[in-house]
Amino acid sequence: MFIAEGNQSSGATFTLLGFSEYANLQVPLFLVFLTIYTVTVLGNLGMIIIIRISPKLHTPMYFFLSHLSFVDFCYSTTVTPKLLENLVVEDRTISFTGCIMQFSFACLFVEAEAFMLAVMAYDRFVAVCDPLLYTVVMSPKLCASLVAGPYIWAIVCSLTLTYFSLELSFCGSNILNNFFCEFSVIISVSCSNPYTFQVLGFVIAIFGEVSSLVIILTTYILIFITILRMPSAGGCQKAFSTCASHLTAISIFHGTVLLLYCVPNSKNSWLIVKVGSVFYTVIIPMLNPLIYSLRNKDVKESVRKLMNHPTQFC
């Protein structure tokens with residue numbers, strides 16, 4: 001099917017509307033998103049570097065955090081540069097290949113992020129509920145397996161959806177009412193039957209969201225039960241502090257995704273979808289390193305040591 005209609009699909013181009021309806025805000029929006037992207041790149045790459053070079057941060061929790069930072073950096077880089085380009089140029093087109101690649105990578109990294117947060121929830125569960133055996137349970141081999149899981153699942157989902165997206169054909173006006181090649185807008189401009197692609201996307205999204213949330217909710221229910229049974233108030237406070245940053249990151253990410261699922265199908269829903277998409281593709285990757293660094297004394301201490309005595313890390 002794809003070969004037969006290749007003249008309609010492989011050579012197709014798409015126009016990303018982005019925020020073009022706000023002509024007077026193009027420059028301010030460019031500056032805002034450029035600032036956010038700069039903070040995202042510096043924050044996430046900085047987090048990865050700090051964790052790598054600071055011996056104090058060579059623990060399972062920070063190992064998972066470094067991978068979350070990597071996913072956030074890649075996710076933002078998949079979407080934001082094209083958004084910035086479209087805010088300053090009149091030609092907002094993107095090729096068929098470029099659109100499918102952007103969709104593929106966006107799918108990969110959003111799935112990886114959802115399950116990386118679930119893996120981090122399990123890590124916090126072991127740390128709070130079985131602290132004496134934490135280093136034994138969270139062995140390097142298990143940590144590597146737990147990190148590999150989200151990547152493998154995300155790659156399988158991405159390749160599956162990409163394959164079926166290539167089976168779609170596109171003809172006529174391919175105007176995408178968003179700032180990146182997102183699942184629903186690709187379906188909206190297809191001139192072939194997108195049923196299989198639509199069902200697969202829905203199943204993958206629901207399974208990913210529900211299963212990751214079940215893991216997170218189950219682990220945190222057990223964590224809270226353990227905390228409530230702690231006799232020491234200091235122990236309770238320390239346990240809550242250990243989980244606070246992760247809970248904040250989870251709430252922001254899954255709250256935004258669930259909000260997008262609940263958007264009513266109306267003429268005005270496109271604006272809500274755009275704002276929500278900006279939040280989870282552009283803003284959340286910036287917030288995560290800030291959440292973990294500002295609320296984490298070990299990270300702040302490592303940063304101070306690096307700034308005051310950089311030779312110690314060489």
Side-chain angles (χ1 to χ4, degrees), residues 14-50 65 68-94 98-99 101-103 105-110 112-114 117 175-186 245 248-263 267-295 299 303:
F14 302 91
T15 300
L16 293 165
L17 287 184
F19 300 94
S20 57
E21 65 271 22
Y22 303 106
N24 296 330
L25 295 177
Q26 298 299 289
V27 173
L29 284 174
F30 174 82
L31 295 175
V32 169
F33 288 130
L34 179 61
T35 302
I36 291 172
Y37 183 59
T38 302
V39 173
T40 301
V41 171
L42 294 177
N44 285 292
L45 292 183
M47 184 69 74
I48 293 170
I49 293 169
I50 288 294
L65 179 55
L68 180 67
S69 293
F70 172 74
V71 169
D72 280 332
F73 167 74
C74 293
Y75 196 16
S76 181
T77 300
T78 298
V79 174
T80 312
K82 188 63 180 177
L83 168 60
L84 291 172
E85 178 189 335
N86 289 343
L87 286 169
V88 294
V89 299
E90 292 185 6
D91 182 11
R92 297 185 175 90
T93 58
I94 183 172
C99 188
M101 285 184 66
Q102 188 184 57
F103 164 73
F105 282 113
C107 174
L108 190 158
F109 293 121
V110 74
E113 173 134 0
L117 289 170
I175 298 175
L176 307 182
N177 193 7
N178 211 323
F179 58 89
F180 77 110
C181 294
E182 184 258 339
F183 178 76
S184 61
V185 294
I186 292 176
S245 297
T248 304
I250 287 171
S251 301
I252 295 172
F253 178 80
H254 285 286
T256 304
V257 172
L258 290 173
L259 176 64
L260 286 175
Y261 280 133
C262 298
V263 172
K267 292 182 179 179
N268 296 323
S269 65
W270 61 268
L271 181 58
I272 301 173
V273 170
K274 278 187 188 180
V275 173
S277 297
V278 165
F279 208 80
Y280 81 86
T281 60
V282 179
I283 299 198
I284 288 177
M286 175 194 70
L287 291 178
N288 280 344
L290 295 178
I291 290 169
Y292 281 99
S293 61
L294 294 177
R295 296 185 61 90
V299 173
V303 172

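Positions are given from 1, in the same order as the sequence printed here.
Among residues two or more places apart in sequence or in another chain, the ring-ring contact (aromatic ring centres under 6.0 Å, His included) test is passed with Phe179 by Phe19. A search for ring-ring contact (aromatic ring centres under 6.0 Å, His included) contacts involving Phe279 returns nothing, not counting sequence neighbours. Under the rule for a disulfide (SG to SG under 2.5 Å), Cys107 has no partner lying at least two apart in sequence or in another chain.
Counting only heavy atoms from C-beta outward, the side chains of Asn177 and Lys274 approach each other to under 4.5 Å. Inter-residue side-chain proximity for Phe30 and Leu84 is flagged as met; some heavy-atom pair is nearer than 4.5 Å. Proximity of Val110 to Phe253: side-chain heavy atoms (C-beta onward) are separated by under 4.5 Å at one or more points. Looking only at side-chain heavy atoms (C-beta outward), Val278 and Val275 stay at 4.5 Å or farther from each other.
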Please evaluate residues Tyr292 and Leu68 with respect to the criterion side chain to side chain contact (heavy atoms under 4.5 Å, CB included), reporting the C-alpha separation (whole Å), side-chain torsions for both, the decisive distance (0.1 Å), and the verdict.
CA-CA 11 Å; Tyr292 281 99; Leu68 180 67; 4.0 Å; yes
If you apply the rule side-chain hydrogen bond (donor to acceptor under 3.5 Å, both in side chains), what do you find for Ser277 with Thr281, and how did you get there?
CA-CA 6 Å; Ser277 297; Thr281 60; over 6 Å; no
Run the side chain to side chain contact (heavy atoms under 4.5 Å, CB included) check on Ser69 and Asn288 step by step: do they pass?
CA-CA 8 Å; Ser69 293; Asn288 280 344; over 6 Å; no
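Closest approach of Val71 to Phe109, counting heavy atoms only: CG1-O, 3.4 Å. Closest non-hydrogen pair, Asn44 versus Pro285, comes out as ND2-O, 2.9 Å.
Paired with Asn86 under the rule side-chain contact (heavy atoms from CB on, under 4.5 Å), one option of Leu16, Ile94, Thr93 passes, and it is Leu16.
No donor-acceptor pair closer than 3.5 Å links the side chain of Ser76 to the backbone N or O of Asp72. A distance-only check finds a donor-acceptor pair linking the side chain of Gln102 to the backbone of Thr78 [under 3.5 Å].
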